[in-house]
Amino acid sequence: MPEVPPRKPSTVAVTAGRPDHTPDAPLNVPVTMASTYVAGGEVEYGRYGNPTWAAFEETLGQLEGGRCLAFSSGLAAVATVLDLVGNGARVVAPRHAYNGSILQLGDLEARGRLTAELVDIADTDAVVAACEGAALVWLESPTNPALEVADIETIAKAARDAGAYVVVDNTFATPLLQRPLDLGADIVVHSATKFLAGHSDVLLGALATRDDQLHGVLKGRRDLLGAVPGTLEAWLALRGLRTLHLRVERAQANAQELVRRLSEHPAVAEVRYPGFGAIVAIVLAEGVMAADLLVRKTSLWVHATSLGGVESTFERRRRWKTEAATIPDALVRLSVGIEDVDDLWDDLERALDDLVV
Ligand SMILES: *Cc1c(COP(=O)(O)O)cnc(C)c1O
């Protein structure tokens, strides 16, 4: 028989992690509620493994091209990775990134655990120079909420030559638009809370790596520290993954159309969009008051933090005291959903028109 060609990502998203095709087997993996298992097998206890997590991990692992581990949240996965480095190690990280990741680094630095060097990840030469002597290079690309993009391949090579782990938070891009392990990263981090689960109803995190030994170390940390996912959360996230390709395709198409229209609106001074994905940032021409008004004036767009759901949401990021001071005060981050793009634009345009003086 001729060899079966490798399956495409949309097929993997739909079919991976399912039970065998035996008569009367369910098509979907069940929600297995178990704290303990009959002794003598491989799992033994509910903190060490669960068949529902395993189905989610199998699917996301195939999409990223590595082995995956699920965690209770994205930040639990982030903490597990930062814990890999030795005491006093130097970590290179983006000056703009998910706020919680930056706060974790700051907390570890304040307690003398490590030193963090924050860089502009779009400045490849500067990041490459910073790799020397680093134990870990943390990338997020595109960054939150500045939407800078890193040259992952070049940076990963420099970091590996310097003996540092290369970690990429792939939450904004998803494995459908960017596969960091193919570009030389050691570990991919996800907040599965966002696009992967995709329905604004679950908190979940994940890591993926190609290195079996590293996988073992990370699994060991999860077993020991206990930041394990809930079974129902893993099941909901797997259900979300089944439509990831359709959601990302539609949300990205909507985002690209909105970017075109926003760029021509006089109330908008700047549109930031990396060219892919469904996260857009705009800076309001009339400043912070206009940004605060905008998020109150729409009926379809919901003012909310977080991103990656089927519904369109937006947020003025500097309303958070912990957001980087280099992010413009009047920057509003848009998480574009999968609604009809004309309805989304109509709602935004009405609010924006009111802001033109
Ligand atoms: C939300 C987010 C996280 C944190 O994930 P939680 O699931 O909220 O803990 C990490 N990185 C990025 C890029 C995120 O957007």
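Computation of the quantities below employed the complete heavy-atom set of this structure, encompassing side-chain atoms and omitting hydrogens, waters and symmetry-equivalent molecules. Heads up: numbering here begins at 1 and tracks the sequence. Start at 1 and go down the list; that is how both ligands and their atoms are numbered. In this text the structure is predicted, and so the values were computed from the model without any measurement.
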Say whether [X] and [Y], considering side chains only, have a donor N or O and an acceptor N or O under 3.5 Å apart.
| X | Y | result |
| --- | --- | --- |
| Thr115 | Glu109 | no |
| Ser200 | Glu311 | yes |
| His303 | Thr313 | no |
| Glu140 | Ser101 | no |

Is the side chain of Asn50 donor-acceptor paired with the backbone N or O of Trp53 at a distance under 3.5 Å, no angle test?
yes
Checking one residue: Val128. Which other hydrophobic residues are in its cluster under the side-chain 4.5 Å linking rule?
none
Under a 4.0 Å heavy-atom cut-off, which residues neighbour ligand 1?
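Lining ligand 1: Ser73, Gly74, Leu75, Tyr98, Glu140, Asp169, Thr171, Phe172, Ser191, Thr193, Lys194, Leu204.
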